Amino acid sequence: MNSDRPIGVIGLGEMGGTIARRILSVGHRVVGLDDAPDRPTPDSPLFERAAHPADVAARCDVVLLVVHTDEQVRDVVLGERGLAETARPGTVVVVHSTVDPSTCTALADALAGSGVALLDAGMSRGRGSMRDGVLTLFVGGDAATLEGARWALHLYSNNIVHAGPAGNGMVLKLCNNLLLHSHRLAMLEVAHIAATAGLPRGALLDGVRSSTGSSWVLEHWGSKDDDALADGIGSHPFVDRTTREIALALAYAGRLGLALPAITATGTHLPGVLTEGITTHLGTSTPAHEEAAPDGGVDDPVERQHVVDEYRANGGRLGGSRAGWEILLLTTTGARSGLPRTTPLAFQREGEDLFVFASDGGRDKAPDWYHNVRAQPKVTVELGTRTWEATAHELTGAERERVYARQVARDPQYARYARSTARVIPVLRLREARR
């Protein structure tokens, strides 16, 4: 490895851009690449812009990946004009993106045959500024490879923790993230108690910061936390990142066969608290003892019709043990009968799109409504007091994984459903037909 060669940085957003500027500030050259053509690039004579990942690998012995998703990481490494096309033996690819550990192990195996090494290096901010090189890296990969690349990592990181083989750096990162997010939810709930009781915010923060309940979240209490105690911060990249990180970790834990009640509660409530504000979210949360909303329809036809009738009669509200259900009514056309069939279903909302899940409690056979949609994707949706025509589209690949992982974070039962059957549980997007 030649330390005189520039360091490659792919992804020049908030984190990647800061890392690139830090490396430049200590006098080392950088070859950078970002898929957003209008993304500002560092203003330095030591910075060069690349055309594609293969161009970066041809010019650098160490390449840092700071993109957003597993799919983007795989595409940068193995896709057309990816790093693998031009990377020389001895090149080290460093994955800083927060991704599934299995993505890192698979890519490490794929590159090993060409003599290219991969380190997964989850990032965590320290008690200082990233601009000054204050950054912790949780690194998975071969120890000798890490030692050979340490000179480059130390240009922008002051704390490197070797977590073991490839994938372990990301496992450590996910564990750190789960503690961070759980601390945030707990602190917001404590602040809500204090506000309700009339305890001044300053007294709460000063008191806990100097005692056993302190945490990084408390020490860095900021405007987003204040907003979460009021009306929330709405749709925001911070909420999206938090939701994705929790979902990613819970999906990984689910594959390990682990049940994590505290972390699952964080995934269920924290995104809503941040988005809507704690009072609004707590006012609409569903107590744990209430009957779960249907994921594949209500089995008994008479009972199903009773739920449909009650829902329509009360403007989308149900009573009794179903009072906490968040459901919609989906009317499909029978694949065999040609007759309309209405099914109550739990759902997930993302912007203007709705998603439903043909899990049917983890049964090996998909529910009837799913087969109806496959035959005729034109459906009718009833949500609250509104009814509209929609088109159902089944998700695949990374998009399906992302939405299902988000649902697992909202309701841990969906991890159990996935483990209970050999079939891949279908996820369908319902999009209003007029759009």
Side-chain angles (χ1 to χ4, degrees), residues 1-12 16 19-20 22-24 26-35 46-67 69-123 137-157 160-173:
M1 184 184 303
N2 187 348
S3 61
D4 292 329
R5 292 170 68 87
I7 293 174
V9 181
I10 299 179
L12 297 171
I19 288 172
R22 165 64 186 177
I23 295 172
L24 293 166
V26 297
H28 201 90
R29 291 181 296 147
V30 170
V31 173
L33 172 65
D34 195 279
D35 61 2
L46 298 175
F47 179 81
E48 309 167 52
R49 187 150 195 162
H52 43 72
D55 184 23
V56 178
R59 298 153 69 182
C60 305
D61 287 341
V62 177
V63 182
L64 316 179
L65 306 191
V66 203
V67 294
T69 67
D70 293 65
E71 184 177 14
Q72 289 173 337
V73 169
R74 287 189 290 266
D75 187 57
V76 165
V77 176
L78 300 178
E80 184 179 359
R81 292 186 172 183
L83 298 175
E85 288 189 7
T86 57
R88 296 170 300 281
T91 299
V92 177
V93 176
V94 183
V95 178
H96 284 317
S97 312
T98 302
V99 295
D100 193 297
S102 65
T103 296
C104 299
T105 55
L107 289 176
D109 291 342
L111 292 172
S114 302
V116 177
L118 182 139
L119 299 173
D120 55 298
M123 301 183 292
L137 299 180
F138 307 128
V139 183
D142 176 69
T145 299
L146 172 58
E147 288 308 309
R150 194 177 286 270
W151 67 268
L153 304 181
H154 268 313
L155 295 178
Y156 57 95
S157 167
I160 297 173
V161 179
H162 186 212
N168 276 19
M170 221 42 69
V171 173
L172 180 51
K173 166 65 172 175

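These numbers were taken from a predicted model, which means no experiment stands behind them.
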Determine, step by step, whether Leu64 and Ile23 satisfy the side chain to side chain contact (heavy atoms under 4.5 Å, CB included) criterion, reporting the C-alpha distance in whole Å, the side-chain angles of both residues, the deciding distance to 0.1 Å, and the verdict.
CA-CA 12 Å; Leu64 316 179; Ile23 295 172; 4.1 Å; yes
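- Side-chain atoms of Asp61 and Arg88, non-hydrogen and from C-beta on, do get closer than 4.5 Å to each other.
- Between Glu147 and Arg150, at least one side-chain N (NZ, or NE/NH1/NH2) sits under 4.0 Å from a carboxylate O, which counts as a salt bridge.
- Gln72 CD: more than 12 foreign heavy atoms inside a 6.0 Å radius.
- Taken to the nearest 0.5 Å, the OG1 atom of Thr98 stands 10.0 Å off from the CG atom of Asp70.
- Counting heavy atoms from C-beta on, the side chains of Pro101 and Asp120 never come closer than 4.5 Å.
- Remark: Arg81 CZ is loosely packed, at most 12 non-hydrogen atoms of other residues, nucleotides or ligands lying under 6.0 Å away.
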List the steps and the verdict of side chain to side chain contact (heavy atoms under 4.5 Å, CB included) for Leu65 and Leu83.
CA-CA 11 Å; Leu65 306 191; Leu83 298 175; 3.9 Å; yes
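- If you take CZ on Phe138 and CE on Met123, they are separated by 11.0 Å, rounding to the nearest 0.5 Å.
- Trp151 and His28 have tilted rings, their planes meeting at an angle from 30° to 60° on a 0 to 90° scale.
- Rounded to the nearest 0.5 Å, atoms CZ (Arg29) and SG (Cys60) are 8.5 Å apart.
- Between Val99 and Met170, the closest side-chain pair of non-hydrogen atoms falls below 4.5 Å.
- Side chain of His162 to backbone of Gly141: a donor-acceptor contact under 3.5 angstrom is found.
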Show your reasoning for whether side chain to side chain contact (heavy atoms under 4.5 Å, CB included) applies to Leu33 and Asp55.
CA-CA 9 Å; Leu33 172 65; Asp55 184 23; over 6 Å; no
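- Remark: Asp100 pairs with Arg255 by the salt bridge (charged side-chain N to carboxylate O under 4.0 Å, His left out) rule, at least two apart or across chains.
- Formation of a donor-acceptor pair under 3.5 Å by the Thr86 side chain with backbone atoms of Ala54 is found in this model.
- Ionic pairing of Asp34 and Arg49 is not present here: no N-O contact between side-chain nitrogen and carboxylate oxygen is shorter than 4.0 angstrom.
- By the 6.0 Å contact criterion, CD on Glu80 is open, its count of non-hydrogen atoms from other residues, nucleotides or ligands being 12 or less.
- Under a 3.5 Å cut-off, the side chain of Lys173 and the backbone N or O of Ala121 do not form any donor-acceptor pair.
- Between Leu137 and Leu153, the closest heavy-atom pair is CD1-CB, 4.0 Å.
- Looking at heavy atoms from C-beta onward, Asp75 lies out of side-chain contact with Val67 at the 4.5 angstrom threshold.
- The residue from Val9, Leu46, Ile7 that alone fulfils the side-chain contact (heavy atoms from CB on, under 4.5 Å) condition with Leu24 is Leu46.
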Please assess Asn168 against Leu172 for the test side chain to side chain contact (heavy atoms under 4.5 Å, CB included), listing each intermediate value before the final yes or no.
CA-CA 6 Å; Asn168 276 19; Leu172 180 51; over 6 Å; no
